[in-house]
Number of protein chains: 2
Amino acid sequence: MNTKYLNIYNEIAGNIEKGEIKPNTKLPSENELVKKYSVSRDTIRKALNLLEQYGYIQKIRGKGSYVIDINRFDFPVSGLVSFKELSEKMGMKANTILEELQIIKPDKYLMNQLKIKENDDIWKVVRIREIDGKKIILDKDFFNKSFVPSLTEDICKDSIYEYIENKLGLCISFSKKEITVENATKEDKKYLDLQGYNMVVVVKSHIYLDDANLFQYNESRHRPDKFKFVDFARRKKLME
Amino acid sequence: MNTKYLNIYNEIAGNIEKGEIKPNTKLPSENELVKKYSVSRDTIRKALNLLEQYGYIQKIRGKGSYVIDINRFDFPVSGLVSFKELSEKMGMKANTILEELQIIKPDKYLMNQLKIKENDDIWKVVRIREIDGKKIILDKDFFNKSFVPSLTEDICKDSIYEYIENKLGLCISFSKKEITVENATKEDKKYLDLQGYNMVVVVKSHIYLDDANLFQYNESRHRPDKFKFVDFARRKKLME
DNA sequence: CAGTGGTCTAGACCACGGT
DNA sequence: CCGTGGTCTAGACCACTGA
């Protein structure tokens, strides 16, 4: 990491994750941290703001910064985390089956989702995620080919995000997710071990690069009993 | 509003919402905004950071700040928004039926969820949410009585949050939500118009005050076809 | 090259909590 | 009262973009 405030953030966040700083204890005050790290107060405040934003601490005016007792190991699906990153973090026996990989022309639905024209090229990737030997998730990805010129089987079986960020040098910035529950389709029943469930949880994501270009649409279909989404949210500042 | 940067944030956010600033256009540069508002650059940057955080703009180094084309009117369940605030914003015909309001002693499950002891008092509030005449959501709330000494039927039919924030002067700060899908219980079938669905979407929330005290546990059970959760997320900065 | 946003500093004053 | 975090300022240097 390059910047001072990110270094400090990572150090403190790591200490909280490792349990070296206990929940409900107080962090050193900003002025003490200024001395400890020999940086300006603003730099400390940037680091603390990040910690607050990601749910590590709660700052209380006049009192100090307190470590929040949130069990972070629950299931961190919030934010943007790829399946590979996630399963590694959770220590699950995960496996990916590549079902389909081809270039297609978009139908009306995809044109709308990816905001593209009818003769643009799209990478379509269909993958099945196995966890502990059970086919749990059906992942359908659509990439705008103008951002991702080539894709191979090996990349899809590994992590597409890793390829995109490290090899292509693209920077993924933000996403908009939508979670609904739908009746299982024939395709769901064909590919997944639904064990009698007739519904699936559907997560639709639009994923953007740091230049605000929409470059991926993803549809992730989960067996309902194996789905869990955890969200940490701060109360919004009001308007008007 | 008190602070300069919040004023500026609200003004720009409002202009984006009203469509006075169009998506994919560029905001004035930070230096121009400094002149326009006669404030320091840091104050402008605070406002812009908020706008970025809440998905209004994307800042691109060397280029400028661009208004993001995200349809914000979709369904803003992310963040902390009460049912009343939400239904008003969406212009839905919503109605609340108060089913139960009493003080109870916690069972083991509640003691764990609210992190309290067995002889602490708990407010239990059960409400059914009707939308367009259909019973869609079963809302079960549990408040630690030491924070909320009294509750009346009128408050529960209106907005408990409003009462808590405005009358009691408590400040709600953050929440941790968990979304799962479960088989419908007898209680679900009794209170809701499930229309044959045998599953419900369950949202469990732990809600904290700004002094980091846990004061409410909420369980919200939704008919699956009427449930939708939208999340805007920025890619997390990595650790290590 | 000039203009942009990103980081960092040093100092000031304020509002709040606890003593 | 002092120590805390919250806001605000003015100025510096850097990295990146685009002409």
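These numbers come from the heavy atoms of this one structure, side chains and all, not from hydrogens, waters or symmetry mates. A note on names: the letters A, B, ... follow the listed sequences, proteins ahead of strands, and every chain is numbered from 1. In this text, all values refer to a predicted model and were calculated from it rather than measured experimentally.
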Can you tell me the distance, in whole Å, between the [atom1] atom of [X] and the [atom2] atom of [N]?
X      : N      : atom1 : atom2 : result
A:K59  : D:dG3  : NZ    : P     : 20 Å
B:D210 : D:dG6  : CG    : C1'   : 14 Å
B:E30  : D:dA10 : CD    : C1'   : 15 Å
B:K26  : D:dT17 : NZ    : C1'   : 10 Å
A:Y37  : C:dT9  : OH    : P     : 14 Å
A:L48  : D:dT4  : CG    : P     : 13 Å
B:Q58  : C:dT4  : CD    : C1'   : 14 Å
A:I57  : D:dG5  : CD1   : P     : 9 Å

Worksheet item: Between A:Y208 and A:F215, does the ring centre distance come in under 6.0 Å?
Response: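 So the answer is no for these two rings.
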
Between [Y] and [X], does any NZ, NE, NH1 or NH2 come within less than 4.0 Å of an OD or OE carboxylate oxygen?
X      : Y      : answer
B:D139 : B:R129 : yes
A:K105 : A:D121 : yes
B:R41  : B:E30  : yes

For the side chain of [X], starting at C-beta, report the closest nucleotide among [options].
X     : options             : result
B:V39 : C:dG6, D:dT9, C:dT4 : D:dT9
A:Y5  : C:dG5, C:dT7, D:dC8 : C:dT7
B:R45 : D:dT7, C:dT9, C:dG5 : C:dG5

Worksheet item: Closest heavy-atom contact between B:L114 and B:Y217?
Response: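 So the minimum-distance heavy-atom pair works out to CD2-N, 3.6 Å.
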
Discussion item. Can you give me the closest heavy-atom contact between B:K177 and B:S205, atom names plus distance?
Written reply: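 Minimum heavy-atom separation between B:K177 and B:S205: CG-OG, 3.6 Å.
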
Discussion item. Both A:R41 and B:S29 contact DNA chain C. Taking the nearest nucleotide for each, which residue is further toward the 5' end?
Written reply: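 Whichever sits nearer the 5' end wins; that is B:S29.
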
Discussion item. Taking 4.0 Å as the cut-off, does a side-chain nitrogen or oxygen of A:K46 come that near to OP1 or OP2 on C:dG6?
Written reply: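 Checking C:dG6 against A:K46, no side-chain N or O comes under 4.0 Å of OP1 or OP2.
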
Worksheet item: Does B:T43 place a side-chain N or O at less than 4.0 Å from the phosphate oxygens OP1/OP2 of D:dT9?
Response: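 Yes, such a contact exists.
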
Worksheet entry | Whichever of A:G64 and A:D42 has its nearest DNA chain D nucleotide further upstream toward 5' |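 By nearest-heavy-atom nucleotide position, the 5'-most residue is A:G64.
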
Tabulate protein N/O versus nucleotide N/O from nucleotides 14-19 of chain C, keeping only pairs under 3.5 Å, one per line.
from   : atom 1 : to    : atom 2 : distance (Å)
C:dA15 : O4'    : A:R61 : NH1    : 3.4

Discussion item. Quick check for you: to the nearest 0.5 Å, what is the distance between A:F174 atom CZ and A:L209 atom CG?
Written reply: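 Those atoms lie 9.0 Å apart.
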
